[in-house]
Amino acid sequence: MPELPEVETMRRGIVAIVGSRIQGVWAPRSRFRPITVSPPLSRLRRRVAGRAITAVGRAGKRLLVELDSGDRLVIEPRMTGRVLLAGQGIVPILATGTVPIFAKPGTDRRLVGDCPPEVDRAHLRLVIELSGGPATRLVFWDSRGLGVVRLLSAGESARELGPERLGPDALEISAEELKERLHKSRRAIKVALLDQRAVAGVGNLYASEILHRARLHPTTPCNRLRPGDWIRVHAQVQGVLRQAIELQGSTLSDGTYRTAENQPGGFQDWLRVYHRTGEPCLQCGKARIVRIVQAQRSTFFCPACQRPRSNK
DNA sequence: CCCCAGTCCTGCGGGC
DNA sequence: TGCCCGCAGGACTGGG
């Protein structure tokens, strides 16, 4: 599930398209529902055709492809979306379930590299044709199809990515601002960290990891946190996300997330609580990891290392 | 302000 | 062995 580290890794993986020009955009035919694109593809295509890419940025869990027209493409991978680059004469073919494979055009089933026998393009959602750079295509792949691609004018950007909808990026936010934005809330700290309007980029996996390392019980109401708690939460927000970026994100056993170079991430080997229900805590070695549900999402924590706040 | 349930979607794993 | 069901959750919406 792409959160900030995975999206940042994707951004770094495609940043070489800066300077390229968009030649066309198309959505491959598929047995699945078409990708959610706005404006509709025909209009989007007219607005981006011939434009040069001036930057590739990121806001929280969204990828931002800036164009010389002042418009920007916003790519939201959500649960299973991925971006890939295809080079000269190479098109991505996608193996069922997991791994994208690269093949020479016109040879659909003669694949380059290892590949399971069943190959399809069903989850290929959007292809952006490029010229003048190292890649000829930017490809958006998404198995569940919850991902979204939007073209926003400068004005729309201000609204859609503005402070009403998106808080400061989790890598940029200061300890003071994080505390200021949350400390009056009665919400559980775990739930609050997932609120993209408060701070952008933390998702379900990293929220559990952050709180375990900060030694804070996930159900603690924000307004019960002490100054030292905020310091630790902030330090771990940054520490965990930075380490995860260094390791190119987390590829869980479902294998869905891959870098733009089609490599798995490495942070899954450093997870201390996520998906480790019943296993011994790696911190204390005594207690076993517990799973609870908060706001309809799984939370994992160590009952010994993350004690609930006693009164006051 | 906050919370909850529902929605979108597909792949997978458990249970029978 | 096959089938059904529920689960996974990011972002959003509508109702309380």
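Below, read A as the first sequence line, B as the second, and so on, with proteins coming before strands; counting in each chain starts at 1. Quantities reported herein were computed from a predicted structural model and do not represent experimental measurements.
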A:Met79 and A:Tyr206: same hydrophobic cluster, using ILVMFWY side-chain contacts below 4.5 Å? yes
Nearest whole Å is fine: how far is B:dC8 C1' from A:Phe32 CZ? 15 Å
Any side-chain heavy-atom pair of A:Val48 and A:Leu151 under 4.5 Å: yes
Please list residues of residues 175-184 of chain A whose heavy atoms come under 4.0 Å from any atom in DNA chain C, ordered by number; otherwise none. none
Have a look at A:Arg187 and say if it touches a base, only the backbone sugar-phosphate, or nothing, with a 4.0 Å heavy-atom cut-off. sugar-phosphate
Which is true for A:Ser185 with a 4.0 Å heavy-atom rule: it touches a base, it touches only sugar-phosphate, or it touches nothing? sugar-phosphate
A:Leu252 CG to B:dG13 P, straight-line distance once rounded to whole Å: 13 Å
Distance check: side-chain N/O of A:Ser298 vs OP1/OP2 of C:dA8, anything under 4.0 Å? yes
Taking any heavy-atom pair under 4.0 Å as a contact, classify A:Thr80: base, sugar-phosphate, or nothing. nothing
Just how far, in rounded Å, is C1' of C:dA8 from CD of A:Glu3? 13 Å
With hydrogens left out and only the distance checked, is there a donor-acceptor pair under 3.5 Å joining A:Arg144's side chain and the base of C:dA8? yes
Just the rounded figure in Å: distance from P of C:dC7 to NE2 of A:His275. 13 Å
Is A:Gln196 close enough to C:dG10 that one of its side-chain N or O atoms is under 4.0 Å from OP1 or OP2 there? no
Remember a base hit wins even if backbone is also touched, and classify A:Gln296 as base, sugar-phosphate or nothing at under 4.0 Å, heavy atoms. base
When the distance from CD of A:Gln294 to P of B:dC3 is rounded to whole Å, what number comes out? 10 Å
Under 4.0 Å between a side-chain nitrogen and a carboxylate oxygen: does that hold for A:Arg181 and A:Asp195? no
I need the full list of salt bridge (charged side-chain N to carboxylate O under 4.0 Å, His left out) pairs touching residues 35-46 of chain A, with sequence neighbours left out, sorted by first then second residue. none
Cut-off 3.5 Å, side chains only: do A:Ser298 and A:Arg291 have a donor facing an acceptor? yes
Looking at A:Arg78, does any N or O in its side chain come under 4.0 Å of the phosphate oxygens OP1/OP2 on C:dG9? no
Touch class at under 4.0 angstrom, heavy-atom based, for A:Arg62 against every strand present: sugar-phosphate
Are OP1 or OP2 of C:dA8 and a side-chain N or O of A:Tyr257 less than 4.0 angstrom apart? no
From CZ of A:Arg197 across to C1' of C:dG10 the rounded distance in Å is 13 Å
Using the rule side-chain contact (heavy atoms from CB on, under 4.5 Å), only one of A:Leu152, A:Leu64, A:Ile22, A:Ile53 pairs with A:Leu73; which is it? A:Ile22
Using distance alone, with no hydrogens and no angle criterion, decide if A:Glu156 and A:Ser153 have a side-chain donor and acceptor under 3.5 Å apart. yes
Measure the distance from CZ on A:Arg125 to C1' on B:dC8 and round it to the nearest whole Å. 12 Å
Need one value for A:Phe300: base, sugar-phosphate or nothing, where a base atom within 4.0 Å counts as base even if backbone is also close, heavy atoms only. nothing
Taking the side chain as every heavy atom from C-beta outward, state whether A:Glu66 and A:Val18 have any pair of such atoms under 4.5 Å apart. no
So what does A:Arg291 touch, heavy atoms closer than 4.0 Å: a base, only the sugar-phosphate, or nothing? sugar-phosphate
Atom pairs, protein N/O to nucleotides 13-16 of chain C N/O, distance under 3.5 Å:
none

Rounded to whole Å, how long is the line connecting atom CG of A:Leu146 with atom P of C:dG9? 13 Å
Determine, for A:Arg58 against A:Asp169, whether the closest basic-nitrogen to carboxylate-oxygen distance falls under 4.0 angstrom. yes
Judged by modelled atom types alone, do A:Gln294 and A:Thr299 share a side-chain donor-acceptor pair under 3.5 Å? yes
